[in-house]
Amino acid sequence: MGRQKRIAGIVEQTDGGVAELRSDDGRPGRWTLLIDGYPQSAVDIADPRRLDFEYMRRLASIVDGVAQPGVPLSVLHLGGGALTMARYVAATRPGSSQRVVELDAALIALVRRVLPLPRNADIRVRAMDARAAVESMSGARFDLVIADVYRGARVPAHLASLEFLTAAAGLLRPGGVYAANLADGAGLAFARGQVATLRKLYADVCLLAEPAVLRGRRFGNVILAASAVPLPVSGFARAGAADPFPARLVHGGDLDRLVAGARVVTDATATESPAPPPDLF
């Protein structure tokens, strides 16, 4: 989800709802994707490195930090949307091998028809449920797994459990990073449960969000990153602080205090993330 202005565009019914691609007449090549009226992602075809939504910039800071600049990565994207982050990786790390899993086959077709992928990019897109795809794979094959899956404006429950996260962790190479984009509100109960669950699997976990979201004053995006090795949190913190909508990094003892009392989420207890307030957009 992210902030955007209202512009007329292309509207089609897809498998998962009503998809709309809105072009920006003032900036050729810039498009925003909405699903059932909820902003999902934005793409600048002329410059895929330009990211309009703040949560995308935070995910990009994780992409930027997992290896030296320009080094190709093997990336698994769970949730495709307008393929914004895959395009960003291709532009900033040429030669990367990327796999995208998106449940909505009709959405994939719409995005690829209107917003073609770069010709030389190794980006393969598969229409499949994210959990089923993860559980069908084997071997530590990815440097980075990015989970950005929404049904409407909510993260599905079956992608929030220890069982799912364990399967995803098994796909990471040594030192690999798992990142997730969540949305949460007052109390951050959903995000806190995800942190507690990730800490069962990874030695290092951090969180990035706007201070107002952390204080429960505003519903918004929460970015998580986790790894078996120390995360480059200083770089994440600098990027978050420099953003037009500054984010705070929560790590170490601060994260301990934030998630105190949160329980590990399993298939038996998992719920989808909370719905955004009706007036959010």
Side-chain angles (χ1 to χ4, degrees), residues 1-2 51 53-66 77-79 85 144-150 153-157 159-162 164-166 168-169 172 175-265 270-274 276:
M1 298 182 299
L51 303 172
F53 288 180
E54 58 269 29
Y55 86 86
M56 282 287 184
R57 293 193 294 272
R58 287 170 199 142
L59 286 174
S61 73
I62 296 172
V63 172
D64 295 344
V66 299
H77 302 266
L78 302 176
M85 194 50 54
L144 178 62
V145 174
I146 301 175
D148 186 13
V149 183
Y150 282 79
R154 308 179 77 171
V155 177
L159 303 181
S161 70
L162 178 65
F164 164 71
L165 293 171
T166 299
L172 287 171
V177 174
Y178 176 86
N181 171 43
L182 314 176
D184 210 347
L188 296 179
F190 186 81
R192 291 171 64 245
Q194 291 303 284
V195 172
T197 307
L198 287 171
R199 282 181 152 187
K200 294 289 288 185
L201 301 170
Y202 298 96
D204 202 12
V205 180
C206 71
L207 177 156
L208 276 166
E210 290 184 38
V213 174
L214 291 173
R215 297 189 190 106
R217 297 177 182 174
R218 189 175 75 80
F219 187 97
N221 295 91
V222 177
I223 304 299
L224 304 182
S227 181
V229 301
L231 291 163
V233 291
S234 59
F236 298 166
R238 285 194 299 271
D243 195 83
F245 298 96
R248 177 188 162 200
L249 178 87
V250 186
H251 182 247
D254 289 338
L255 193 60
D256 293 341
R257 289 182 284 276
L258 179 68
V259 304
R263 296 183 177 181
V264 172
V265 178
T271 61
E272 60 186 351
S273 64

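In this text the structure is predicted, and so the values were computed from the model without any measurement.
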Y202 and T197, any side-chain heavy atoms less than 4.5 Å apart = no
dist L255:CG -> R257:CZ (nearest 0.5 Å) comes out at 10.0 Å
Check ion pair R199-D256 (N to O, under 4.0 angstrom) | yes
Residues at least two apart in sequence or cross-chain that pass side chain to side chain donor-acceptor pair (under 3.5 Å) with R57, listed by chain then number, are D243
Sub-4.5 Å side-chain heavy-atom contact between P156 and V149 | yes
Any side-chain heavy-atom pair of H77 and V145 under 4.5 Å = no
Kindly compute the distance separating CZ (F190) from CG (D184), expressed to the nearest 0.5 Å.
-> 7.5 Å
Is the side chain of S161 donor-acceptor paired with the backbone N or O of F164 at a distance under 3.5 Å, no angle test?
-> yes
Nearest 0.5 Å please: distance from the OH atom of Y55 over to the CZ atom of F245.
-> 14.5 Å
Could you grab the distance from atom CG of L208 to atom CG of L224, nearest 0.5 Å is fine?
-> 9.0 Å
Side-chain donor or acceptor of D204 paired with backbone N/O of L231 under 3.5 Å = yes
Any side-chain heavy-atom pair of H251 and L207 under 4.5 Å | no
Determine whether L162 and L201 make a side-chain contact, defined as any pair of heavy atoms from C-beta on separated by less than 4.5 Å.
-> yes
Would you check if V63 and M85 make a side-chain contact, meaning some heavy-atom pair closer than 4.5 Å?
-> yes
Counting N and O atoms only, with roles assigned by atom type, does the side chain of S273 sit under 3.5 Å from a partner on the main chain of R154, one being a donor and the other an acceptor?
-> no
Ionic contact status for R248 with E210, cut-off 4.0 Å = no
Check each of I223, N181, L249 against R58 using the side-chain contact (heavy atoms from CB on, under 4.5 Å) test, and report the only one that passes.
-> I223
To the nearest 0.5 Å, what is the distance between CG (L188) and CZ (R215)?
-> 12.0 Å
Value for CG (L78) from CD1 (I146), rounded to nearest 0.5 Å, stands at 9.0 Å
